[in-house]
Amino acid sequence: MSALMLSETVGTPVRQPLMRATGVSKSYGETIGCLDVSFTLNPGEVIGIVGESGSGKSTLLNVLSAQLSPDTGTVEYDLRHKGMSDIFRLSEPDRRRLMRTDWGIVHQNPRDGLRMDVSAGGNVGERLMAIGARHYGEIRAEGLDWLAKVELDASRVDDKPKTFSGGMQQRLQIARNLVTRPRLIFMDEPTGGLDVSVQARLLDLLRGLVRELGIAAIVVTHDLAVVRLLADRLMVMRHGRVVEEGLTDQVLDDPHHPYTQLLVSSVLQV
Amino acid sequence: MNAVVEKASWDEAYNFAYLDEQTKRMIRRALLKAVAIPGYQVPFGGREMPLAYGWGTGGMQVTASVIGPSDTLKVIDQGADDTTNAVSIRRFFKRVAGVATTEATEEASVIQTRHRIPEKPLKEGQVLVYQVPQPEPLRKLEPRETETRKMHGYAEYGLMHVRLYEDISRFGHIATTYSYPVMVNGRYVMSPSPIPKFDNPKMENNPAIQLFGAGREKRIYAIPPYTSVKSLDFDDHPFEVQRWPQACALCGARDSYLDEVVLDDKGGRMFVCSDTHFCADRQEKGHRGPMAADPAAGAFARSSDTSARKEGER
């Protein structure tokens, strides 16, 4: 054990976090979005953010994914070439490039994340073309490969997403995001609006992909079952603040904060 | 200039070339900026013209700003000099600017065009003015103007290839035949206006100045002489222009852009040059197509031009 620790400090570099948020606050005038949130995300780790509606989960996710700028606090990300850098200090083209290559964003409503009048193959290929792929055959092969990975039928590659069911649209959105092999993926209620059997399949698929590809993820949800399945660590939010955080099983099985206790006990048992 | 003003040859109820001098200065400033940044869309304060939007108001404002009393103007609409749109714009400038007009490409110093580039190669010193209905090549894919401006600003043009991808996946080849997007000077993706993609290669390294005016959208852009203009494509689906198995029925040309003309309701049809001056010029020089002897064919070709389609403008 001590030899292992020694070799880690001497031989390999210290494990670098992928993202670090420090004192992030965002308010909308008088209304508080999120207040003084700090955490560290390691590569390959999945963090769940739970809390009731209006607790600031989505605001926090939008700040972390650079879609909203925070009032105070910093969000640092481990860029491939520059190391830890504040994402709000990057130039806009750099930030946009980061968002469409190294990050993925899965929206609650697939309409926000997909181009509904572009075929499934085109949706998956868009990011590849955005980073310079100019060979139709290769783009299409990659698209088909990803459709298979998210369990969509290859014969639907030329169909438009508006002809897809909700669950299929959600899976297509995941394929579209993962095609550039991002290291971090943001998910806002990925299973919202899906019926339970479809939810279960989607969660299964997500868990497999995240583990297989070693992608880190930040998942916002109000559904405790989703975080139980997906997340390594959990943050519980209320009124914009993080009231409790820890390992998922620990927080869910032994909640300390009264609000977390209420949340856990509110889940309906079938 | 004084001599010209002394014996004004235009309808003096109007300022020279219809627009007032301040407006022309404003448009010229926009044109200078456009020429300095090839392919970049410069906003300008578009004026009302005595013509409906979609009929060439943008092109007319550009023409009015660059034309001088000693210029010779040619106006074409889908290649033809004698269609309604071309005739009325030509007559307009004859009246408000008193300029000489011509149908011959080589004699014109300013050519205003809708949907075609003349077949005859352009020379240095000529100005080609395009009428543009929709200047934004990304519009069909990205409806937000704020977003398309950023995409141009940061040269994020992956979306343009999504459009071509969709074509290939649906039709097996790039089926876009007009308004085919081009990359200008290796920097800006530009809509060439609804010219057939047959004409795209003519824009590359052209000695003439090419100016584009969009009246409704109030944008001006330009390609200076001898500028690189590449049509977008995929490595395994390279850009290709249209080809016809037929030659022109009247002049026998095999290298020009042909219009299909329906002759009767029994499937009879012929193909004729869309560039009427090019075709007439060849016939004068003794070139003959298979139907050249038939006087009805010539009449048909002309009558079909006047009812030319207005796709892309509506």
Side-chain angles (χ1 to χ4, degrees), chain A residues 66-67 90-103 111-147 152 154-163 172 175-177 179-180, chain B residues 37 40 134 136-177 179-184 186-189 197 200 228-240:
Chain A
Q67 297 177 88
L90 291 177
S91 67
E92 196 176 8
D94 283 348
R95 190 160 58 235
R96 287 166 69 99
R97 194 170 308 119
L98 173 73
M99 287 169 80
R100 63 169 192 265
T101 54
D102 221 20
W103 288 2
R111 280 170 196 283
D112 298 335
L114 291 173
R115 294 197 186 275
M116 299 308 276
D117 48 1
V118 167
S119 70
N123 263 292
V124 178
E126 182 182 337
R127 277 179 160 225
L128 294 172
M129 291 181 247
I131 56 172
R134 292 290 179 264
H135 192 283
Y136 175 81
E138 286 166 18
I139 294 166
R140 193 172 174 81
E142 186 89 13
L144 284 167
D145 190 36
W146 274 99
L147 287 190
L152 287 172
S155 65
R156 302 296 299 271
V157 66
D158 291 334
D159 292 349
K160 300 201 167 150
K162 59 185 165 202
T163 67
L172 181 62
R176 170 183 158 89
N177 275 287
V179 69
T180 49
Chain B
I37 318 171
Y40 173 73
Q134 174 53 265
E136 180 50 73
L138 301 161
R139 177 63 70 238
K140 273 186 194 157
L141 295 151
E142 177 52 70
R144 289 168 296 178
E145 176 70 17
T146 47
E147 189 65 17
T148 53
R149 281 198 208 179
K150 278 186 184 173
M151 292 161 84
H152 283 296
Y154 306 145
E156 292 175 359
Y157 289 131
L159 203 52
M160 208 69 248
H161 274 84
V162 173
R163 186 173 141 191
L164 303 181
Y165 173 98
E166 288 293 289
D167 259 7
I168 304 175
S169 72
R170 203 172 313 153
F171 305 109
H173 60 101
I174 299 178
T176 304
T177 50
S179 229
Y180 192 104
V182 291
M183 169 70 87
V184 180
R187 175 59 183 83
Y188 283 99
V189 164
K197 66 176 172 183
N200 272 19
S228 133
V229 180
K230 299 271 183 250
S231 302
L232 301 181
D233 58 3
F234 284 104
D235 296 346
D236 49 347
H237 284 84
F239 173 78
E240 281 172 355

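Labels below follow one simple rule: chain letters A, B, ... track the order of the sequence lines, proteins then strands, and each chain is numbered from 1. Keep in mind the model is a prediction, meaning the values are calculated, not measured.
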With only heavy atoms counted, which part of [X] is less than 4.5 Å from chain A, the side chain, the backbone, both or neither?
X	result
B/Arg170	side chain
B/His161	both
B/Leu159	side chain

Under 4.5 Å from a heavy atom of chain B, the part of A/Arg134 involved: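 Backbone plus side chain of A/Arg134, per the 4.5 Å heavy-atom cut-off to chain B.
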Chain B contact via A/Arg100 - which portion, at a heavy-atom distance below 4.5 Å: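 For A/Arg100, the side chain is the part near chain B, not the backbone.
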Plane angle bin for B/His237 and A/Tyr136 - parallel if under 30°, tilted between 30 and 60°, otherwise perpendicular: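 Ring orientation of A/Tyr136 relative to B/His237: perpendicular.
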Under-4.0 Å salt bridge between A/Arg96 and B/Glu147: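 Yes.
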Identified side chain to side chain contact (heavy atoms under 4.5 Å, CB included) counterpart of B/Phe234 within the set A/Glu138, A/His135, A/Met129: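 The single option meeting the side chain to side chain contact (heavy atoms under 4.5 Å, CB included) with B/Phe234 is A/Met129.
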Chain B contacts, top residue of A/Arg127, A/Arg97, A/Glu92 (heavy-atom pairs, under 4.5 Å): A/Glu92
Nearest atoms (heavy-atom pairs only) where A/Gly122 meets B/Tyr165: N-CE2, 3.3 Å
Shortest non-hydrogen contact from A/Gly137 toward B/Asp236: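 Shortest heavy-atom separation between A/Gly137 and B/Asp236 comes out as N-OD2, 2.7 Å.
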Distance, nearest 0.5 Å, that separates CD of B/Glu166 from CD of A/Glu126: 10.0 Å
